Amino acid sequence: MLVLGIESSCDETAAAVVFDGRRILSNVVASQISIHSKYGGVVPEIASRKHIEAISAVTCQALEDANTTPSELQGISVTMGPGLVGSLLVGLSFAKGLALGLDIPFLGVNHLEGHVAASYLMDDPPELPYVALVVSGGHSNIYLFKKDGRHIMLGQTKDDAAGEAFDKAARLLNIGYPGGAVIERLSRGGDHNRWKFPRAMKASLDFSFSGLKTALVAEINKMGRPFADEEIPDVAASYQEAIVDVLVEKTIKAAQDYRIGNVVVCGGVASNGRLRERFYQAAEYVGIRVFIPLAFLCTDNAAMIAAAGNSHLENGTKGSWNLNAVSRWPRMDSE
Ligand code: KG4
Ligand code: ZN
């Protein structure tokens, strides 16, 4: 089945063509990072406008790169939530219009299901059952995907998401946006033991990251000055290590508690090199297989949305024309 994926939930306008939910024929992402970076975060109104400007060209590029035409498409899979409603509506409305014009089915997909589905695009995809950690700018959730494909949530963040913790720290340290990638880059060569940041809620599968930012503020207040340039690698490495520690520990604990041998790690934060390294080490140590998609499939893209929609479309599921964008949607049932 040839499926067009469309993603516009936050600050990336993306379109991709995926064959049979497994083979990426094209994957186009237009990032708005340079526009939002001067504000230190995504400005929703600007994001929606930029999606409107980009969506047609990005889709045409995806079709061209895949060497295909609209008439060859057999379905459209589009993110309908969670995310910024104005941004989601651009992709959703565009997908509905295109599907109506082409007389093909479309499906509204949960963005988090998309992140998990990025693992289906790996050369060696995971088999059910597996534990999935979805870590992004808005979510830090642990799910158990059972043998029949159904899922339950095992843990979630009680306050900030892991990506949010990276982004807030980068803002406090005045080192740029988005925070995760900048902190990873600046932490290279840094000493992650120099500062001891808190690891919260040790016994639970839930997360809490807001205390980390508070600890960083407290450290700055205690010194009575901002971190010096030569201290940045150490503080970035120490802060990153605190986030990585709890993500790895709790996810592995979830797999062990439920006796699951496969773990999927996905979402924008899963592109972090230190997180990936620590997961592979921990998994080897406890005898679990860990599946982490390539970095460009961890950050927001539309190939994962096409992959997520593929099996539903193959089963004949169709989105109804009155589907609406959903801002909060922690479960992952596509419609
Ligand atoms: O999945 P994603 O691209 O968008 C959302 O669904 O939110 O994730 C974005 C988040 C941001 O908070 C960003 O700082 C974080 O992923 N991120 C990273 C890295 N690259 C992006 N966090 C840690 N290390 C990275 N290399
Ligand atoms: Zn995402």
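Note that the coordinates shown come from a computational prediction; the quantities given were computed from them, not determined experimentally. Counting convention: from 1, in listed order, for ligands and their atoms alike.
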Checklist line | ligand 1 contact on Asp167 by region, counting heavy-atom pairs under 4.0 Å | finding: side chain
Next item on the list: With heavy atoms only and a cut-off of under 4.0 Å, state how His111 meets ligand 1: side chain, backbone, both or neither.
Entry: side chain
Check: Would you say Gly138 touches ligand 1, if touching means a heavy atom closer than 4.0 Å?
Finding: yes
Notebook entry, point to check: At a 4.0 Å cut-off, with the gap strictly under it, does some heavy atom of His115 reach an atom of ligand 1?
Noted result: yes
Notebook entry, point to check: Relative to the Zn ion (ligand 2), which of the N, O or S atoms in Asp300 is the closest?
Noted result: OD1
Identify the closest protein heavy atom to [atom]: which residue and atom is it, and at what distance?
atom: atom 24 (N) of ligand 1; result: Asn272 ND2, 3.0 Å
atom: atom 26 (N) of ligand 1; result: Glu184 OE1, 2.8 Å
atom: atom 17 (N) of ligand 1; result: Gly268 O, 3.7 Å
atom: atom 15 (C) of ligand 1; result: Val269 CG2, 3.9 Å

Atom [atom1] of [X] with >12 non-hydrogen neighbours under 6.0 angstrom:
X: Glu72; atom1: CD; answer: yes
X: Tyr280; atom1: OH; answer: yes
X: Arg278; atom1: CZ; answer: yes
X: Arg225; atom1: CZ; answer: yes

Notebook entry, point to check: Which atoms of ligand 1 have any heavy atom of Thr299 under 4.0 Å away?
Noted result: 3 (O)
Notebook entry, point to check: Which value, rounded to 10°, describes the NE2(His111)-the Zn ion (ligand 2)-NE2(His115) angle?
Noted result: 90°
Ligand 1 N/O within reach of [X] N/O, cut-off under 3.5 Å:
X: Gly180; value: yes
X: Pro178; value: no
X: Ser271; value: yes

Checklist line | Minimum non-hydrogen distance to atom 4 (O) of ligand 1, winning option of Asp300, Val244, Ile33 | finding: Asp300
Notebook entry, point to check: Out of Ala118, Gly83, Gly137, Ala169, whose heavy atom is nearest to atom 10 (C) of ligand 1?
Noted result: Gly137
Note to self: Taking the basic N atoms (NZ, or NE/NH1/NH2) and the acidic carboxylate oxygens, is any pair closer than 4.0 Å for Asp148 and Arg150?
What the structure shows: yes
Checklist line | Distance-only donor-acceptor check, side chains Asp300 and His111, under 3.5 Å | finding: yes
Checklist line | With Val263, the side-chain contact (heavy atoms from CB on, under 4.5 Å) member among Ile292, Val286, Thr251 | finding: Thr251
Item checked: Asp11 side chain to Ile33 backbone, donor-acceptor under 3.5 Å -> no
Check: Is a donor on one side and an acceptor on the other found under 3.5 Å between the side chain of Arg23 and the backbone of Gly21?
Finding: no
Next item on the list: Write down the atom of Asn301, the atom of Asn27, and the distance for their closest heavy-atom approach.
Entry: CB-OD1, 3.9 Å
